[in-house]
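Notes to accompany the following structure.
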Amino acid sequence: MQRILSTQLPAHVGASVRLAGWVHRRRLLKSVAFLIVRDAAGLAQVVVAAPDVRAQVEALTEETVVEVVGTVVANPTAPAGVEVVEPTVRPLGPPAVPPPFDLYRPVLAASLPTQLDHASTALRHPTRSAALRISAAAVAGFRATLDRRRFVEVHTPKVVGSSTESGANVFALDWFGRPAYLAQSPQFYKQLMVGVFERVYEVGPVFRAEPHDTVRHLAQYTSLDVELGFVTDHRDVMAVLRDTVAGMLAGVADRAGGALDTLGVTVPAVPAEIPAVHFTDALAIAGAPAGEPDLAPAHERALGEWARAEYGSDFLFVTGYPMAKRPFYTHPDPARPAYSNGFDLLFRGMELVTGGQRLHRHADYLAALAARCEPVEPYAGYVDAFRHGMPPHGGFAIGLERFVARLIGAANVREVTAFPRDLHRLTP
RNA sequence: GGUCCUGUGGAGCAGUUGGAGUGCUCGCCGCCCUGUCAAGGCGGAGGUCGCGGGUUCAAGUCCCGUCAGGACCGCCA
């Protein structure tokens, strides 16, 4: 007999079926016992009356893996309108050691550190797994959107010989006796691949050894990177980003509707054109001093509220960040060279994406490094490529965990990360 | 890295100006309950109050140190 999932029960009323999953909860009454079985699709109620089966069920612990064979009946008093009666129950493993929290309650009451310490079981809670399903659906939407636009997915090294962005802290490791680093970004490689495919994207981990102990930082996170050639300037990149974010949200709505329902989340609309403000105007809107080189988190929150009130948008572009605060490969604004053709995308007041137009002439790279008093040698393999013909190009990187956290209203990116890696956490 | 906050049975919390027995909810164990829905009723077990030192007749409570966790900031996706 083929196994079916809990959500398929209504299609099998009157038939004998085989279910398998985890003991979500047992409710033992005098004359009847209920066994709630959880599987990948949801929950199924099994009604136990026979004394010998009841004795078996009484001996099971929550989270034990079981197989149930029984008859499906429609019953309005059952939670899903259907239930399985006259079952045989067969454990598929030894009785499970129950986790230190109750997975069968609507909300997981354990504190975040407790959940993270016991991630393998905490993630089984429907609210936690829903966040991961949404994450997966968002990535599927990301790929689908870019595939339709002739982008090619690439895979670049995560162990590199020199740091990508000057100043940022890197994890050093030993590579057959030579110093090496975990990649902080696929930035250089995705630019080089523009020279091959014109349009590329990558989904992969990046590593930041910066001691930022906050609700929106991880030492390892998933970066959704995009780079495309033959752009006029950063505005072409912003248009692709707009469509990509819309495609990610469409992917979530299409593939993770159940997860959205579980969390009570509705997918926000992406304006056909996301409102954009120049950095200098953004400072004024946020009430920051005019000379500030960057936006503080409090300023970003204020801008998020402003975009909501002024445009009814959850998204806001901030363009023209000062060149001084952007990496050396950033293309300046030809009209105002102190400002860049770089942008951030704020999602509900949090920085979600950084992007921009890049330099594409070899001489510009040499000048940019010289202006920052940086040697060329560490970047030689990267900078040399620009001697061989590179189109005007640009791109962006979306922080996946931030995207999901903002989407579902999670206070901490760790709530939407299966096994977060941060300053203090290296296990599980 | 800076500032502030918190560590009390398995989980989440309360514990007042230092004062007799650390309490509550949930879980766990036992008994009861004809259909539960985070089931319900009765009873029970389980705690070096993070760790070390100090003040005091007396410390969960005050002081110092230390370890762990959290929030904000710096910085970033």
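What you see below is based on every heavy atom in this structure, not just the backbone, and it leaves out hydrogens, waters and symmetry mates. A note on names: the letters A, B, ... follow the listed sequences, proteins ahead of strands, and every chain is numbered from 1.
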Closest to the [X] side chain, choosing from [options]:
X	options	result
A/F34	B/G35, B/C28, B/A77	B/G35
A/P106	B/A71, B/C75, B/A38	B/A38
A/P113	B/C28, B/C73, B/G70	B/G70
A/P297	B/C76, B/A38, B/A77	B/C76
A/H217	B/U36, B/A11, B/A77	B/A77
A/R105	B/C26, B/G12, B/C76	B/C26

Would you kindly give the [atom1]-to-[atom2] distance between [X] and [N], to the nearest whole Å?
X	N	atom1	atom2	answer
A/K30	B/G35	NZ	C1'	16 Å
A/L28	B/A38	CG	P	16 Å
A/L295	B/C73	CG	P	13 Å
A/D344	B/C76	CG	C1'	9 Å

On RNA chain B, more 5' by nearest nucleotide between A/G399 and A/P99 is A/P99

Just to be sure I understand the rule, does [X] reach a base, reach only the sugar-phosphate, or reach nothing, if contact means heavy atoms closer than 4.0 Å?
X	value
A/V413	nothing
A/R326	nothing
A/N75	base
A/Q45	base
A/L29	base
A/I36	nothing
A/V353	sugar-phosphate
A/L112	nothing

If we take the [atom1] atom in both [N] and [M], what is their distance in whole Å?
N	M	atom1	result
B/C75	B/A14	C1'	38 Å
B/G60	B/G18	P	13 Å
B/A68	B/C29	P	35 Å
B/C64	B/G21	C1'	31 Å
B/U17	B/G54	P	26 Å
B/C24	B/G19	C1'	22 Å
B/C51	B/C4	C1'	22 Å
B/G27	B/G69	C1'	23 Å

Inset, instruction - Spell out yes or no: do the side chain of A/R208 and the base of B/C75 have one donor N/O and one acceptor N/O closer than 3.5 Å? - result: no

Report yes if a donor N or O on one partner sits less than 3.5 Å from an acceptor N or O on the other, where the partners are the side chain of A/R402 and the base of B/C76; otherwise report no. yes

Would you indicate, yes or no, if [N] has its OP1 or OP2 atom less than 4.0 angstrom from a side-chain nitrogen or oxygen of [X]?
X	N	answer
A/S111	B/G12	yes
A/S31	B/G35	no
A/N412	B/G70	no
A/R54	B/U34	no
A/T354	B/A77	yes
A/R406	B/A77	no

Let me check something: any side-chain donor-acceptor pairs from residues 89-102 of chain A under 3.5 Å, sequence neighbours excluded? List them with distances.
{"residue": "A/R90", "atom": "NE", "partner": "A/E67", "partner atom": "OE1", "Å": "3.2"}
{"residue": "A/R90", "atom": "NH2", "partner": "A/E67", "partner atom": "OE1", "Å": "3.2"}
{"residue": "A/D102", "atom": "OD2", "partner": "A/R105", "partner atom": "NE", "Å": "3.0"}

Determine the interplanar angle of the [X] and [Y] rings, folded into 0 to 90°, and report it as parallel if under 30°, tilted if 30 to 60°, perpendicular if over 60°.
X	Y	answer
A/F171	A/F207	perpendicular
A/Y321	A/F279	tilted
A/H24	A/Y104	perpendicular

Regarding [X] and [Y], is there a side-chain donor-to-acceptor distance under 3.5 Å anywhere?
X	Y	result
A/E374	A/Y379	yes
A/D233	A/Q357	no
A/H393	A/Q191	yes
A/D364	A/Y329	no

Can A/Y104 be said to stack with the base of B/A38, given centres closer than 5.5 angstrom and planes under 30 degrees apart?
no

Dot-bracket assigned to RNA chain B with the 3.5 Å Watson-Crick/G-U criterion, [ ] for crossing and | for other-strand pairs, is (((((((..((((.....[...)))).(((((.......))))).....(((((..]....))))))))))))....

Those residues at least two apart in sequence (or on a different chain) that pass side chain to side chain contact (heavy atoms under 4.5 Å, CB included) with A/E273 are none

| Charged N to carboxylate O below 4.0 Å: is that the case for A/R38 and A/E63? | yes

Quiz prompt | Note: A/D344-A/R326 ion pair, threshold 4.0 Å (strictly below) | solution = yes

side-chain hydrogen bond (donor to acceptor under 3.5 Å, both in side chains) pairs touching residues 110-119 of chain A, sequence neighbours excluded, are A/S111-A/T114, A/Q115-A/R128, A/D117-A/R425

Applied to residues 394-421 of chain A, the side-chain hydrogen bond (donor to acceptor under 3.5 Å, both in side chains) test, sequence neighbours excluded, yields A/T222-A/E401, A/N412-A/R414, A/R414-A/D422

The correct set of residues in residues 76-86 of chain A placing a heavy atom under 4.0 Å from RNA chain B is A/T77, A/A78, A/P79, A/E83

